[in-house]
Engineer: 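A single structure is presented below for examination.
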Amino acid sequence: MKKMTRRDAFRWLGISIGLPALECLVDFNVAHAQTPASKKRFIGCFFPSGAAMPSGANGDWVYEGALKPLETMGLRPNVVVARGFRSVRNQDVHWTGTAGFMSCNEVGLYTIAAPDRRSGERCGKSFDQYVADLSTQRIRSLHAGFNTVPGWDESHDSQMSIQYVNCIAWKDERTPIKNQQDPTAMFTQVFGDGSNAADPFIRYQLIRKKSVLDGVVGQLNSFRKSIPSGDRAKMDAYESGIREIEGELSSKITPNNPNICLNSSGATVSDPIKYLANIKTMQKIIVKAMQCDATRAATIMYNDGIGETTNSPVPRKQHDCAHNNWDELKKINLAQVSLWAELIKDLRDMNLLNETVLILGSNMSDGQGHVPANSPFLIASGGTGLKLGQEVVGTSDLTNEAANRVTADIYMDLFKLYGVSRSSFGEGRDRSTGVSSGILT
Amino acid sequence: MPKSWRVISGVVLLLAVTACNGKASLERGAVTSIEDLLPPGSVAGVETLEDGTRVFIRNDGEVIIQGPNGEVVDPATRVTPTPAKLRALSNVEFRNAAADLLGVVLPLDLFKAWSPNNQFSGFDAIEWSNFDTKAVRDRLDTVDRIVDLALSSSRVMSCTPPGADVSYSVCGPAILERLGERAFRRPLKADEIAALKTIYDQAVADKVSYDTSLGRPKIPMDVLKEGVRATLGAILLSPQFMTKSELSDDGTFVGTRELNAYELASRLSFMFTSSIPDDTLWALAKSGEILKPDVLAAQVDALLGSKPDVFVENFMGQWFGVRDLKNAADATLEQSLWKESKEVLLQILKRDLPVNEILKPGFTFVNQQLATHYGMDATGMTSALKEVPTQSRGGVLMQGSVLTVTSTSEGTSPIRRGRYVQGRILCKTVPLPGPELFEQIAASQKAIPPTATVKERMSQHRNTNTVCYSCHKYMDPIGLGLESFDQHGQTRTYYNGDTAKPVETDSELLGTPFQTFDQLNNLLVDMPDVYRCAAQKLATYALGRVVEPEYTKDGYLITSMVNTGDENIPSFKHLVHRMVQSVAFRSVEHPRSAQ
């Protein structure tokens with residue numbers, strides 16, 4: 001059998017944009033009817049630099065404004081609008097509000113006094129990863145993004161890791177999860193490269209790939225012995241990544257694996273670097289992966305935590321617009337809320353929404369002042385459990401950061417919907433308070 | 001061990017920036033007494049160590065050490081080893097190392113999916129970011145394709161036995177041990193060899209069983225290739241290949257030690273070639289010769305002589321933030337701008353010019369496209385670069401590449417450019433505004449009338465809020481001086497050609513007024529901060545860690561690097577040799593684990 005090239009895969013991909021027609025071998029609802037928790041899946045979505053919210057007031061973040069696409073698409077009854085919750089801020093909110101978005105943790109700052117001893121980044125395990133822990137799906141979690149920032153300036157880089165603006169998902173407190181930006185690669189990850197594991201050669205290739213990884217672990221075990229204990233966690237993180245990929249490969253080799261998603265049609269994507277096309281494609285892939293239960297946790301960053309690239313939806317720089325040009329910012333917000341609305345709609349159309357929770361939020365409210373108070377935070381789902389169609393207000397003193405509540409309280413309530421009982425979530429100033437956020441019915 | 005510095009003002013990052021004239025001569029020349037080195041008013045801070053040693057930090061950043069008996073101590077003797085730490089190969093280093101190891105050309109496209117490296121000051125991979133699943137997946141995919149290419153490389157399959165009677169049980173392990181030690185840059189340990197053999201045997205068995213299941217005959221060469229394929233894949237994905245490390249045998253050694261020959265060769269090769277040691281360096285590592293200072297120095301010259309472009313591209317290209325332009329399509333303006341920067345910097349290195357001439361070398365290299373772009377005489381120019389003597393182009397701050405990367409697509413930003421000059425040319429870090437200032441920043445932004453000129457906008461920092469100006473005074477005035485260049489590096493007199501909006505460059509550099517960019521540039525050329533900064537950037541690049549001159553140990557290192565023993569400003573070659581021979585480069589500290 002001819003090995004499928006990326007180009008071939010990309011041709012397929014387009015179809016999934018035009019009209020998704022992917023099948024899966026398992027009826028999702030039947031497969032999980034016995035699980036006690038009311039929610040099983042989670043998609044955390046993020047956009048940077050806030051919305052047109054003067055000094056943290058609601059501003060344009062209303063159904064007449066940026067949220068209009070939700071109303072237009074008939075999704076208002078599926079959404080909770082949370083207000084008066086603040087983003088994490090122990091330095092520039094672009095950094096801390098992004099890394100802390102789903103981890104409710106302050107970020108680790110470098111000790112400037114000992115520059116030769118700094119090491120890596122530190123935040124906290126994010127909510128999506130806890131949801132991923134609840135199941136053993138073929139793919140632990142999917143992470144889509146649009147841009148990665150390699151570094152900023154000396155001022156920021158000397159205090160904080162740039163990964164804080166690139167990652168909302170954290171596998172553990174030391175391992176930020178990078179986003180997939182290439183729809184083709186995500187496609188291959190979910191649907192395979194078109195090859196059939198029943199074909200002996202394909203099977204042989206998979207086995208060979210697995211033995212490569214076994215070989216890496218063999219070398220890693222030798223290496224681990226001679227590195228200082230402080231660095232061993234880095235090797236543990238690497239091995240954990242290897243194990244995850246091995247798991248994906250094994251499930252492909254397993255005959256009649258019910259979690260394999262099949263693709264049955266194809267078309268073309270016009271421009272692979274188009275912002276909207278890329279994000280939409282990855283959203284479709286995520287929805288399909290959830291439909292065939294290949295994964296239950298995903299995150300989508302509609303832009304990196306700053307938003308400096310010019311390819312934002314309009315296309316303008318999201319960050320610059322948040323500072324100087326709110327007319328343009330409103331258009332960007334509208335486009336990104338539209339993307340989120342499409343995601344909800346797709347899940348609803350596939351009867352997945354009732355058991356899925358989606359969130360959409362940002363690292364600040366007013367981008368001009370980098371205001372952490374009253375950061376945008378939306379929750380969407382179907383079925384029971386959440387105060388859908390309502391506003392939930394953490395404090396009426398919206399613009400007062402000190403009076404604002406922590407988002408960890410929201411996540412604590414969401415944990416309950418997944419049947420998880422925890423004593424707290426998040427750390428430090430952003431740790432949950434023990435008081436319900438008010439989002440639950 | 002000395003405590004870290006606390007500069008007297010209490011502001012650690014914002015070291016008082018020196019006045020610009022005359023300082024260069026103060027610190028040079030034969031010096032016998034501490035008084036010569038510390039004229040009245042030149043001391044910014046002093047620390048007394050336990051043994052009575054006094055460490056002075058001068059306004060210009062220089063560290064002066066007075067021993068317990070009043071003697072002047074050479075800072076080079078106080079330089080300490082860099083703490084051992086695992087560093088991942090950068091994406092560029094991985095690509096170069098794999099290509100050199102296997103003797104294959106690796107298209108950029110193979111690495112497209114890889115997430116970019118963390119950077120500090122533009123330099124790749126200073127920090128380690130834990131490998132997540134995406135990193136493993138991307139690397140596995142890429143390595144799979146690299147190995148495809150490698151199986152047809154003579155550097156890899158160099159054990160091809162005669163005839164069909166190939167003994168893959170002998171040939172395979174021989175190939176892999178040879179490649180393994182080059183990949184790991186040292187002799188393999190017994191358990192590493194065993195692990196290689198295990199995977200090789202497994203891959204061979206898999207292949208034989210696959211062929212048997214299809215009723216195919218066993219073809220020894222195919223079996224050999226499959227064994228090599230899997231094992232080579234594992235080698236390229238092993239942490240021993242993917243990281244730079246100085247290890248102790250069992251991970252428990254605490255203390256300092258000199259690097260062994262293999263470690264030193266590896267540091268050297270990554271510094272100059274962004275890759276593993278080549279055959280010559282490898283031989284010098286095996287024989288231990290590289291540990292001799294004169295052999296080491298000769299190797300530095302040899303590497304700078306044979307591959308200066310790799311060093312310029314990766315060190316200076318990252319330092320000035322222009323390396324990415326290299327990937328622009330052929331014949332584009334961006335590509336030409338990159339070539340100009342690279343060639344100018346290469347010549348400054350080759351001609352052994354004083355470091356400060358990066359700002360004003362007196363020449364540049366342009367082709368027809370660049371000459372036209374810069375408004376220079378393009379007569380007789382072709383697409384090839386040609387050296388042109390000039391005082392108004394060629395300097396880093398006059399290069400279109402730098403002027404482009406310090407602008408946004410929508411225009412120039414004096415703040416951004418000022419911050420660039422401070423961060424990249426003078427190595428002064430402007431601290432971040434505290435969160436408590438965010439509201440004020442928003443308010444002052446709103447107070448700016450839409451019709452305000454660029455200069456008026458900047459003056460808001462001074463007029464509306466002195467807190468803002470306490471930091472912006474280090475950025476805005478410098479940035480204004482660069483306003484005579486637009487966002488593509490073309491000179492301009494008016495904004496958008498509108499005669500009602502003249503460009504105003506008159507400003508001041510730390511108190512010294514200037515009218516034009518040229519005057520600003522001349523002031524910068526005279527600053528010792530420029531060559532000190534070059535030393536700091538080189539140390540950052542060579543050691544793979546953040547270097548802060550305010551940190552006492554790093555202050556020693558930088559001071560000893562820039563010391564030429566005479567009045568001359570150091571050249572890059574001087575800095576490079578000082579760096580490579582320093583204790584910081586040649587030794588390592590295994591700190592007590594923090595955990």
Side-chain angles (χ1 to χ4, degrees), chain A residues 89 91-92 112-113 115-121 148 150-151 153-159 161-163 171 174-178 180 182 185 200 204 207-208 211-212 214-216 218-220 222-223 225-231 234-235 237-238 241-242 244-245 310 320 366 368-371, chain B residues 4 12 82-83 86 113 115-122 127-137 140 189 191-192 195 198-199 202-203 206 210 213-214 230-231 233-234 237-240 247 249-251 409 419 423 429-432 435 438-439 441-442 445 545-546 548 551 593-595:
Chain A
R89 183 192 81 171
Q91 234 309 326
D92 189 330
I112 297 162
D116 54 352
R117 280 156 213 272
R118 27 192 275 173
S119 170
E121 43 271 318
T148 307
D153 59 11
E154 281 76 2
S155 314
H156 287 85
D157 292 353
S158 61
Q159 279 199 52
S161 166
I162 195 66
Q163 297 312 336
K171 196 168 176 180
R174 288 250 172 215
T175 312
I177 301 180
K178 313 266 174 62
Q180 186 55 263
D182 177 1
Y204 168 66
I207 289 170
R208 193 175 61 197
S211 27
V212 168
D214 286 341
V216 178
Q219 296 297 342
L220 202 147
S222 163
F223 191 65
K225 280 184 243 161
S226 50
I227 59 176
S229 57
D231 280 331
K234 294 168 182 170
M235 289 303 111
Y238 186 30
I242 291 173
E244 212 177 308
I245 301 289
T310 41
D320 285 3
D366 175 349
Q368 273 190 347
H370 288 191
V371 177
Chain B
S4 68
V12 178
T82 288
L86 275 186
S115 301
N117 293 118
N118 279 19
Q119 293 176 336
F120 176 83
S121 229
E127 244 73 51
W128 176 289
S129 222
N130 278 359
F131 290 137
D132 65 347
T133 312
K134 176 176 184 294
V136 178
R137 183 181 291 111
L140 183 62
K189 296 175 183 173
D191 57 352
E192 289 169 337
T198 304
I199 177 180
Q202 180 65 48
D206 287 345
Y210 169 65
S213 73
L214 295 179
T231 319
L237 290 166
S238 294
Q240 288 93 327
L247 306 173
D249 283 341
D250 59 0
S409 55
R419 201 167 55 185
T429 306
V430 181
L432 296 176
F438 290 164
E439 291 281 349
I441 292 169
Q445 278 188 343
R545 69 170 178 85
V546 177
E548 298 276 3
Y551 184 52
S593 177
Q595 292 179 354

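Naming: A, B, ... by sequence-line order, numbering from 1 per chain. As the structure is a prediction and not an experimental result, all values here were calculated from the model.
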Engineer: So how far is it from His156(A) NE2 to Thr429(B) OG1, rounded to the nearest 0.5 Å?
Structural biologist: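 Interatomic distance, His156(A) NE2 to Thr429(B) OG1, rounded to 0.5 Å: 12.0 Å.
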Engineer: Do you know the tightest heavy-atom contact between Ser129(B) and Pro176(A)?
Structural biologist: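 Smallest heavy-atom distance, with atoms named: OG-CG, 4.2 Å.
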Engineer: Quick one: list whatever passes side chain to side chain contact (heavy atoms under 4.5 Å, CB included) with Ile242(A), sequence neighbours left out.
Structural biologist: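 For Ile242(A), the residues satisfying side chain to side chain contact (heavy atoms under 4.5 Å, CB included) (neighbours in sequence not counted) are Leu213(A), Val216(A), Val217(A), Leu220(A), Tyr238(A), Glu246(A), Val136(B).
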Engineer: So which of Thr82(B), Thr231(B), Leu140(B) has the biggest tally of heavy-atom pairs under 4.5 Å with chain A?
Structural biologist: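 Sorted descending by pairs with chain A, the first entry is Leu140(B).
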Engineer: If I compare all heavy atoms of Gly151(A) with all of Gln119(B), which pair ends up nearest, and what's the gap?
Structural biologist: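 Residues Gly151(A) and Gln119(B), closest heavy atoms: N-OE1, 3.9 Å.
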Engineer: If you look at every heavy atom in Asp231(A) and Leu86(B), which pair is closest and at what distance?
Structural biologist: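 So the two residues come closest at OD2-N, 3.4 Å.
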Engineer: Verify side-chain contact (heavy atoms from CB on, under 4.5 Å) between Tyr204(A) and Leu214(B), making sure each step is shown before the conclusion.
Structural biologist: CA-CA 11 Å; Tyr204(A) 168 66; Leu214(B) 295 179; over 6 Å; no
Engineer: Using distance alone, with no hydrogens and no angle criterion, decide if Thr133(B) and Glu244(A) have a side-chain donor and acceptor under 3.5 Å apart.
Structural biologist: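 Yes.
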Engineer: Taking the side chain from Asp182(A) and the backbone from Ala113(B), do they hold a donor-acceptor pair closer than 3.5 Å?
Structural biologist: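 Not a single qualifying donor-acceptor pair exists.
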Engineer: To the closest 0.5 Å, what do you measure between NZ (Lys189(B)) and OG (Ser226(A))?
Structural biologist: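 Rounded to the nearest 0.5 Å, the NZ-OG separation comes out at 3.5 Å.
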Engineer: For Asp214(A), is it the side chain, the backbone, both or neither that has a heavy atom under 4.5 Å from a heavy atom of chain B?
Structural biologist: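 Nothing of Asp214(A), per the 4.5 Å heavy-atom cut-off to chain B.
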Engineer: In terms of heavy-atom pairs under 4.5 Å, which option from Gly241(A), Pro150(A), Ser222(A), Gly120(A) contacts chain B the most?
Structural biologist: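 Ranked by contacts with chain B, first place is Pro150(A).
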Engineer: Which one, Ser238(B), Pro239(B), Ser213(B), Ala230(B), leads in non-hydrogen pairs under 4.5 Å with chain A?
Structural biologist: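 The residue among Ser238(B), Pro239(B), Ser213(B), Ala230(B) with the greatest pair count is Pro239(B).
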Engineer: If you define the side chain from C-beta out and look only at heavy atoms, does anything of Val546(B) sit under 4.5 Å from Ser158(A)?
Structural biologist: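 Side-chain contact under 4.5 Å: no.
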Engineer: Can you sort out the partners of Asn130(B) under side chain to side chain donor-acceptor pair (under 3.5 Å), two or more places apart, ordered by chain and number?
Structural biologist: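 Asn130(B) satisfies side chain to side chain donor-acceptor pair (under 3.5 Å) with Thr175(A), Trp128(B) only.
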Engineer: Answer yes or no: is there a donor N or O on one side and an acceptor on the other, between the side chain of Gln219(A) and the main chain of Gln240(B), under 3.5 Å?
Structural biologist: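 Not a single qualifying donor-acceptor pair exists.
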Engineer: Using 0.5 Å steps for rounding, measure from the CZ atom of Phe131(B) to the CE atom of Met235(A).
Structural biologist: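 So the CZ of Phe131(B) and the CE of Met235(A) are separated by 7.0 Å.
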Engineer: Roughly how far apart are Gln163(A) CD and Asn118(B) CG, rounded to 0.5 Å?
Structural biologist: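 One gets 4.0 Å once the value is rounded to the nearest 0.5 Å.
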Engineer: What residue in Gln202(B), Arg137(B), Glu192(B) has the most heavy-atom pairs under 4.5 Å with chain A?
Structural biologist: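 Counting heavy-atom pairs under 4.5 Å, the top option is Arg137(B).
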Engineer: Answer with side chain, backbone, both or neither: which region of Lys234(A) has an atom nearer than 4.5 Å to a non-hydrogen atom of chain B?
Structural biologist: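 Both parts, backbone and side chain.
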